[in-house]
A.B. asks: 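Sharing a structure here in structure tokens format.
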Amino acid sequence: AIPVAPLVVHGAVGALAALLVRDSLGPFPFALALLSLTAALVALPLLGDLAPLLRADPAEEWIATQPVTRREIRLARSLVAIAVVAGLAASSLLPAAIFAPHDWSLLDRAVFVGAGLGLALTLAAALLATLSVLGGRAESALVLVQTLLFAGVVIGALVGLRSVPALARLTGPHDGPAWLTLLPSTWFARAVTGEIGAALAATATAIGLLVVVPSAPAPGPLRRGALALVLTPIHALAVRTWVRREERASFELVARLLPLERDVVLRTYPLVGIPLAFLAAGAKSGGAEREALLALLLFAPPVWMPVLLVHIPATASHGARWLLDGAPLDRAHIAAGARKAVFVRFLLPLYAVLFGLAVWQAGPSFATRLVIPAALVAWLTIEPLYERCVRDLPLSRSPDDLLVEMDWTGAMI
């Protein structure tokens with residue numbers, strides 16, 4: 001299956017970034033900026049939807065019974081991973097090469113694209129090696145890395161152009177700070193200045209790792225984390241005082257099990273990095289500017305809610321949906337319990353974090369004054385958004401078969 005949406009988005013981002021900076025940057029800084037952007041765009045799906053490329057195939061036992069050798073299976077999987085990663089990287093590299101500085105020759109543009117493909121394969125090989133060593137013991141850490149990476153991409157989009165004058169002064173990796181020489185994108189950006197040794201060595205090593213290193217083990221089920229334990233008293237209080245008896249089943253189902261669904265976590269949690277990115281981008285502001293930014297952040301969670309609500313029907317065990325189909329419950333009660341679970345399990349912890357950030361940045365008086373109305377607005381928007389976004393029963397459909405019949409832009413606005 002060709003990931004058309006990411007290809008289109010990455011191509012547009014690569015073209016726009018190249019057009020914005022091509023008249024201001026020389027060969028090395030241009031390559032450094034665009035290759036860093038490509039690395040981020042490739043790393044995000046590799047940690048998320050494309051992560052199964054690097055993991056063991058659940059059907060591998062069946063495939064092994066066919067007239068093929070283990071070596072052929074591994075080589076085929078490696079070629080698939082290389083083709084998909086290279087295609088994803090090319091979607092942003094080719095437009096960037098087309099809109100590179102005017103004085104670049106065709107050879108310069110080809111070297112730039114080749115360096116970007118090598119960088120993408122190096123990232124994939126590094127992730128494969130990490131997953132193979134750690135097994136399934138670092139799932140939470142990978143989600144955290146994806147969240148921080150998402151925040152970094154947003155920060156780059158917000159403030160990246162401010163760095164163009166500093167980048168323009170670079171003629172090579174040694175003109176900047178010492179940490180610049182440690183970045184993989186720096187190794188490959190040197191290729192456009194004629195120093196291709198490091199890029200070729202890294203690319204050859206990456207291809208070797210992708211072929212030789214065995215696929216990472218298939219991830220096991222997610223475990224309840226510390227947040228679930230912290231929320232236990234609040235969960236119990238909500239069941240006792242707020243959740244009606246006929247809403248209890250769907251409330252418990254969504255509150256306890258939806259956070260353990262790997263696809264839901266990987267597709268929704270990293271988006272929390274957006275408010276963190278805005279906070280980091282405005283870190284130097286003070287006084288009224290900082291309070292205005294914090295006020296926007298406190299009222300931002302409803303913008304994220306459509307993405308979360310769309311995934312409420314998602315589950316890896318969708319074959320058990322007959323339990324809900326046959327339950328003697330009204331659909332309205334099931335929806336009401338699910339909405340309350342979303343508020344208790346997802347929005348309350350998010351508002352607790354935002355409240356702590358507001359106290360740290362602007363003091364307890366400001367935070368207390370705004371967090372309560374902000375949380376109430378979020379609760380009031382759940383019901384209309386739920387009706388628009390959720391098209392099936394909670395935890396009843398495959399994550400790859402979700403019904404998304406909505407105007408995303410209109411809902412978020």
Side-chain angles (χ1 to χ4, degrees), residues 140-141 143-152 154-155 158-159 224-243 251 254-256 258-259 264-265 268-309 311-312 338-386 411-413:
S140 298
V143 173
L144 177 61
V145 169
Q146 192 180 16
T147 302
L148 295 176
L149 185 62
F150 200 96
V154 176
I155 292 174
L158 291 172
V159 302
R224 294 185 70 201
L227 179 59
L229 296 176
V230 171
L231 289 175
T232 298
I234 299 174
H235 182 109
L237 180 64
V239 169
R240 183 180 293 272
T241 61
W242 188 34
V243 180
F251 176 85
V254 174
R256 293 181 183 273
L258 194 65
V264 175
V265 169
T268 61
Y269 281 26
L271 296 180
V272 178
I274 293 178
L276 299 179
F278 277 96
L279 185 64
K284 294 183 180 179
S285 61
E289 282 187 11
R290 177 171 296 182
E291 291 188 355
L293 176 63
L294 290 168
L296 287 173
L297 289 179
L298 287 169
F299 284 90
V303 179
W304 168 68
M305 266 198 296
V307 181
L308 175 63
L309 292 175
H311 287 87
I312 282 182
R339 290 196 298 268
K340 292 178 180 179
V342 167
F343 186 78
V344 171
R345 185 58 179 82
F346 296 97
L347 287 179
L348 278 185
L350 181 57
Y351 272 107
V353 172
L354 294 177
F355 177 76
L357 290 173
V359 170
W360 173 44
Q361 294 283 324
S365 175
F366 171 85
T368 305
R369 188 167 68 250
L370 281 185
V371 74
I372 294 176
L376 287 174
V377 166
W379 167 245
L380 291 173
T381 57
I382 284 182
E383 184 169 357
L385 285 176
Y386 191 97
M412 289 186 172
I413 289 176

A.B. asks: Start with the C-alpha distance between Leu309 and Val342, add both sets of side-chain angles, then the distance that settles side chain to side chain contact (heavy atoms under 4.5 Å, CB included), and finish with yes or no.
C.D. replies: CA-CA 8 Å; Leu309 292 175; Val342 167; 4.2 Å; yes

A.B. asks: Between Ile312 and Leu258, is a side chain to side chain contact (heavy atoms under 4.5 Å, CB included) present by the stated rule, with each step listed?
C.D. replies: CA-CA 7 Å; Ile312 282 182; Leu258 194 65; 4.0 Å; yes

A.B. asks: Roughly how far, to the nearest 0.5 Å, is CG of Leu348 from CZ of Phe355?
C.D. replies: 13.0 Å

A.B. asks: To the nearest 0.5 Å, what is the distance between CD on Gln361 and CZ on Phe366?
C.D. replies: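 Result: 10.0 Å between the selected atoms.
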
A.B. asks: Backbone N or O of Ser365 within a donor-acceptor pair of the Thr368 side chain at under 3.5 Å?
C.D. replies: no

A.B. asks: Hey, are the side chains of Pro259 and Leu227 touching, using non-hydrogen atoms and a 4.5 Å cut-off?
C.D. replies: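 The answer is no; the side chains never approach within 4.5 Å.
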
A.B. asks: Evaluate whether atom CG of Leu380 has more than 12 neighbouring non-hydrogen atoms of other residues, nucleotides or ligands under 6.0 angstrom away.
C.D. replies: yes

A.B. asks: Hey, what do you get for CG (Leu370) to CG (Leu296), rounding to the nearest 0.5 Å?
C.D. replies: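 Reported value, rounded in 0.5 Å steps: 10.5 Å.
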
A.B. asks: Could you tell me whether the side chain of Leu347 reaches within less than 4.5 Å of the side chain of Met305, counting heavy atoms only?
C.D. replies: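 Sidechains of Leu347 and Met305: in contact.
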
A.B. asks: Measuring from Leu231:CG to Phe346:CZ, what's the distance to the nearest 0.5 Å?
C.D. replies: 10.0 Å

A.B. asks: Tell me which pairs pass side-chain hydrogen bond (donor to acceptor under 3.5 Å, both in side chains) where either residue lies in residues 339-356, with sequence neighbours left out.
C.D. replies: Glu247-Lys340

A.B. asks: Please name the pair of heavy atoms, one in Ala358 and one in Ala367, separated by the smallest distance, quoted to 0.1 Å.
C.D. replies: CB-CB, 3.6 Å

A.B. asks: With rounding to the nearest 0.5 Å, note down the distance linking CG in Leu297 to CG in Leu357.
C.D. replies: 8.0 Å

A.B. asks: Taking only residues two or more places apart in sequence or in another chain, which ones pass salt bridge (Lys or Arg N to Asp or Glu O under 4.0 Å) with Arg369?
C.D. replies: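 So Arg369 forms no salt bridge (Lys or Arg N to Asp or Glu O under 4.0 Å) with any residue.
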
A.B. asks: Let me confirm one number: the OG1-CG distance from Thr232 to Leu237, rounded to the nearest 0.5 Å.
C.D. replies: 12.5 Å

A.B. asks: What class does the angle between the rings of Phe251 and His235 fall in, given that below 30° is parallel, 30 to 60° is tilted and above 60° is perpendicular?
C.D. replies: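 It falls in the tilted class, 30° to 60°.
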
A.B. asks: If you look at every heavy atom in Tyr386 and Ala338, which pair is closest and at what distance?
C.D. replies: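 Looking at all heavy atoms of both residues, the shortest contact is OH-CB, 3.5 Å.
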
